[in-house]
Amino acid sequence: MIATTRGTLLVDTVTEDALGDEVTTAAPDVTGADFPLSLILASERTFDQSTGEWRTIEYYAGRVPGNIDVDEGDRIKDLRDGAIYAVDEFTRTPRGLSGYSSVTLKLRRTAP
């Protein structure tokens, strides 16, 4: 894995405001703060059932070290430009010949 930037895992905390409504805020996760992140723009072809045509969908692909505890629905903040990405899918790659493992992510950009 060659890192293109550094990232941090955002963890949602739910609190109540003065009116008793639930408010979701994001705070950096101190256990996974400031880790190397490889981030690229990728594409895949899918078949659209409604139109009967093939479509090309672009998405962000990311890779993080295997010790980062990431799950679907988590968010990752790019520390280079402040962009926030939601994790749609992830795949854990076991240790290879180099002795390192990594996590491959399918990301969706949610905030500039």
**OP:** Step by step, work out the side-chain contact (heavy atoms from CB on, under 4.5 Å) result for Asp34 and Thr8.
**Re:** CA-CA 5 Å; Asp34 197 12; Thr8 186; 5.8 Å; no
Supply the atom-to-atom distance [X] [atom1] to [Y] [atom2], rounded to the nearest 0.5 angstrom.
{"X": "Thr110", "Y": "Arg75", "atom1": "OG1", "atom2": "CZ", "value": "6.5 Å"}
{"X": "Asp81", "Y": "Thr5", "atom1": "CG", "atom2": "OG1", "value": "7.0 Å"}
{"X": "Thr4", "Y": "Ile2", "atom1": "OG1", "atom2": "CD1", "value": "10.0 Å"}
{"X": "Asp74", "Y": "Ile68", "atom1": "CG", "atom2": "CD1", "value": "11.5 Å"}
{"X": "Leu105", "Y": "Glu72", "atom1": "CG", "atom2": "CD", "value": "10.5 Å"}
{"X": "Ile57", "Y": "Asp48", "atom1": "CD1", "atom2": "CG", "value": "8.5 Å"}

Subject >> Closest non-hydrogen atom pair, Ser102 against Arg63 >> reply: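 Ser102 and Arg63 have their closest heavy atoms at OG-NE, 3.6 Å.
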Original post:
Minimum heavy-atom separation for Pro36 to Pro65, with atom names?
Top reply: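 So the two residues come closest at O-CD, 3.3 Å.
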**OP:** Determine, step by step, whether Glu58 and Leu41 satisfy the side-chain contact (heavy atoms from CB on, under 4.5 Å) criterion, reporting the C-alpha distance in whole Å, the side-chain angles of both residues, the deciding distance to 0.1 Å, and the verdict.
**Re:** CA-CA 7 Å; Glu58 291 186 337; Leu41 186 62; 4.0 Å; yes
Taking salt bridge (Lys or Arg N to Asp or Glu O under 4.0 Å) as the test, write out the residues that go with [X], two or more places apart.
{"X": "Lys77", "value": "none"}
{"X": "Asp71", "value": "none"}
{"X": "Asp78", "value": "Arg80"}
{"X": "Arg45", "value": "none"}

Subject >> Residues Glu44, Lys106: salt bridge by 4.0 Å N-O rule >> reply: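 Salt bridge: yes.
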Subject >> side-chain contact (heavy atoms from CB on, under 4.5 Å) evaluation trace for Val64 with Leu9 >> reply: CA-CA 11 Å; Val64 296; Leu9 192 62; over 6 Å; no
With a cut-off of 3.5 Å and sequence neighbours excluded, list every side-chain donor-acceptor pair involving residues 83-91.
residue, atom, partner, partner atom, Å
Asp88, OD1, Arg108, NE, 3.3
Asp88, OD1, Arg108, NH2, 3.0
Asp88, OD2, Arg108, NE, 3.3

Original post:
Is there a path from Phe35 to Val70 through hydrophobic residues (I, L, V, M, F, W, Y) whose side chains come within less than 4.5 Å of each other?
Top reply: yes
**OP:** Identify whether Tyr60 and Ile40 are in the same connected component of the hydrophobic contact network (ILVMFWY, side-chain heavy atoms under 4.5 Å).
**Re:**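 Different clusters: Tyr60 never reaches Ile40 through Ile, Leu, Val, Met, Phe, Trp or Tyr contacts under 4.5 Å.
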Original post:
Which other residues belong to the hydrophobic cluster containing Trp54, where Ile, Leu, Val, Met, Phe, Trp and Tyr are joined when side-chain heavy atoms lie under 4.5 Å apart, directly or via other members?
Top reply: Phe47
**OP:** Please examine the side chains of Leu37 and Ile76, heavy atoms only from C-beta on, and report whether any two atoms are closer than 4.5 Å.
**Re:** yes
